[in-house]
Number of protein chains: 2
Amino acid sequence: MKAPKRSDATSATTAGAGKARARPRGRPRSFDRETALEKALLAFWEHGYEATSVSDLTRVMDIGAPSLYSAFGDKRSLFEEVVRVYGTRYGSFAERALAEEPTARAAVERTLREAATAYTEPGHPHGCLVVHAAANCSNPEVEQSLRDRRNANIAALESRIRADVAAGVLPPATDAAALARHTGAMIQGMSQQARDGASREELEAVAEIALSIWPRTGTHTG
Amino acid sequence: MKAPKRSDATSATTAGAGKARARPRGRPRSFDRETALEKALLAFWEHGYEATSVSDLTRVMDIGAPSLYSAFGDKRSLFEEVVRVYGTRYGSFAERALAEEPTARAAVERTLREAATAYTEPGHPHGCLVVHAAANCSNPEVEQSLRDRRNANIAALESRIRADVAAGVLPPATDAAALARHTGAMIQGMSQQARDGASREELEAVAEIALSIWPRTGTHTG
DNA sequence: TCATTTCTGTAGCGACCGCTAGACAAATGA
DNA sequence: TCATTTGTCTAGCGGTCGCTACAGAAATGA
């Protein structure tokens with residue numbers, strides 16, 4: 001049994017800013033791990049897990065295949081790390097809205113509006129990586145992992161809606177599950193629209209229409 | 001230059017019901033072309049264009065690779081034929097609603113309700129083939145062909161909405177493009193939800209919420 | 001200087017991809 | 001019966017897939 005080496009995330013290499021640990025023993029890595037990871041992220045985002053080959057990855061990351069495998073494990077592990085980074089860097093706006101806004105309605109309003117912007121932002125692929133990158137994937141586990149993320153987001157919104165119902169912010173007859181799922185479907189539909197060429201303005205108009213299902217003013221009782 | 005043979009759609013083989021043409025010259029096909037095509041349709045629907053290999057296809061169609069290529073051309077042609085058949089067999093409910101219902105609103109209402117049923121029907125994969133089967137496809141032409149279909153459907157709805165506006169059925173200030181795109185996003189989001197495990201009842205609830213953006217009664221003026 | 005450790009580049013593994021050549025099988029018309 | 005036509009079967013083409021063995025390069029501590 002061979003020792004798994006280190007290879008893991010927090011290797012500071014030559015960029016010794018801050019509390020950089022002492023240099024590791026062997027030959028230092030000749031590329032910046034985070035930069036390479038970002039390139040991989042963009043490739044997976046644009047083409048999806050399956051259609052992005054290791055050969056594509058080594059080209060855009062500008063490293064050899066052995067370096068990729070030594071630094072990131074296999075393709076699957078690299079993708080998982082990409083999804084994690086995507087979540088913290090690009091895909092956290094819904095979670096943030098849910099945490100910061102006072103009501104579920106306000107969180108959804110902010111989420112849909114920000115989605116219109118985020119999904120059409122120049123400089124990276126359009127739409128949401130979590131929605132698209134594992135579609136039509138031969139590896140069912142990869143497909144399922146993103147599906148779980150999507151459904152978890154909807155479940156989080158549902159429980160937030162339930163809390164508002166319990167607090168009297170939303171009427172007792174509110175179908176929290178349906179309302180949450182409607183928002184999830186809107187986000188996913190907007191992401192698909194972004195992939196299909198819709199502009200920010202067009203998505204914002206769609207978001208405004210979708211938001212009209214909620215009562216115009218903060219609380220309502222019927 | 002070799003003659004392209006016949007191989008095309010309307011070969012009756014042994015099933016000589018109705019006005020069957022005279023038998024062609026050579027050895028007759030040993031499989032039913034439509035049955036094999038249906039099996040290919042289900043495979044592409046479930047796994048998408050790229051993730052369905054020719055080897056997968058020959059297995060589910062229960063024919064050899066040369067028979068597949070002789071009867072359907074290459075993989076791309078087979079997929080295109082599958083998309084055509086899907087359109088007439090499974091995916092025509094929106095088009096039908098648009099043609100048969102008196103107003104755009106009624107057409108959308110019927111479309112969303114039927115989508116909830118169609119996208120969760122047992123006996124075939126969930127969701128819409130046109131939405132999913134060419135996602136993350138290495139062949140950009142295949143991806144684009146389904147994208148064109150999706151956008152054409154939205155454009156058709158938009159012009160139908162414009163007609164209702166011109167006829168006074170919808171208010172003059174109606175944003176036809178946004179309204180059509182909202183419906184497209186809903187359908188695509190519901191399809192994604194169906195793929196992610198949503199039930200017919202759950203999708204029906206989502207559809208009802210989405211329909212509440214329209215005025216409750218037939219016409220409205222403001 | 002030198003053994004040790006770790007990364008990089010070359011080169012290629014076995015598996016699968018889409019696709020097809022060529023031999024044989026099964027129908028036709030004569 | 002027999003040449004012709006067309007479908008099926010076996011076998012395998014060149015190419016790409018994800019991945020890795022191996023040798024050399026570049027750092028370390030002694």
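In what follows, every chain begins at residue 1, and chains take the letters A, B, ... in the order their sequences are listed.
Nucleotide dC17(C) holds its C1' atom 14 Å from the CG atom of D74(B), rounded to whole Å. Following rounding to the nearest Å, L57(B) (CG) and dG18(C) (C1') show an atom-to-atom distance of 11 Å. Rounded to whole angstrom, the span from the CG atom of L68(A) across to the P atom of dT6(C) amounts to 20 Å. The CD1 atom of I63(A) sits 14 Å away from the P atom of dG18(D) (whole-angstrom rounding). Taking atom CG of residue D62(B) and atom P of nucleotide dT8(D), one finds them 11 Å apart after rounding to whole Å. The nearest whole Å value for the distance from the OH atom in Y49(A) to the C1' atom in dC17(D) is 12 Å. Atom pair K75(A):NZ and dT20(D):C1' shows a separation of 17 Å (rounding to whole Å applied). Residue R76(B) contributes atom CZ, which lies 17 Å from atom C1' of dC17(C) at whole-angstrom precision.
A side-chain donor-acceptor contact under 3.5 Å links Q188(A) and Q193(B). With 3.5 Å as the limit, one finds no donor-acceptor pair spanning the side chains of E143(B) and N139(B). Checked by atom type, the side-chain pair D148(A)/S145(A) shows no donor-acceptor distance below 3.5 Å. Side-chain polar atoms of Q192(B) and R195(B) form no donor-acceptor pair below 3.5 angstrom.
Distances from the side chain of P66(B) to the nucleotides dC17(D), dA21(C), dG18(D) place dA21(C) closest. Of the candidate nucleotides dT20(C), dC19(D), dG7(D), dG7(D) has the atom nearest to the side chain of S70(B). Among the nucleotides dC19(C), dT8(D), dC19(D), the one closest to the side chain of R27(B) is dT8(D).
For the atom pair CZ (F31(B)) and CG (D62(B)), the distance works out to 10.5 Å, reported to the nearest 0.5 Å.
Within the 4.0 Å cut-off from OP1 or OP2 of dT8(D), at least one side-chain nitrogen or oxygen of S30(B) is found. A sub-4.0 Å separation between OP1 or OP2 of dC19(D) and a side-chain N or O of Y69(A) is present. A sub-4.0 Å separation between OP1 or OP2 of dT8(D) and a side-chain N or O of S67(B) is present. Note on S53(A): every side-chain N or O is 4.0 Å or more away from OP1 and OP2 of dT16(D).
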So which protein nitrogen or oxygen atoms get under 3.5 Å of nucleotides 2-4 of chain D's nitrogens or oxygens?
unit_1: dT4(D); atom_1: O2; unit_2: R25(B); atom_2: NH2; d: 3.2

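Taking the charged nitrogens against the carboxylate oxygens, E80(A) and R76(A) do have a contact shorter than 4.0 Å, which makes a salt bridge.
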Determine whether E202(A) and V206(A) satisfy the following criterion, side chain to side chain contact (heavy atoms under 4.5 Å, CB included), listing intermediate values before the conclusion. CA-CA 6 Å; E202(A) 289 170 329; V206(A) 167; 5.8 Å; no
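Contact annotation for T52(B): backbone-only contact, meaning every heavy-atom pair under 4.0 Å involves sugar-phosphate atoms and none involves a base.
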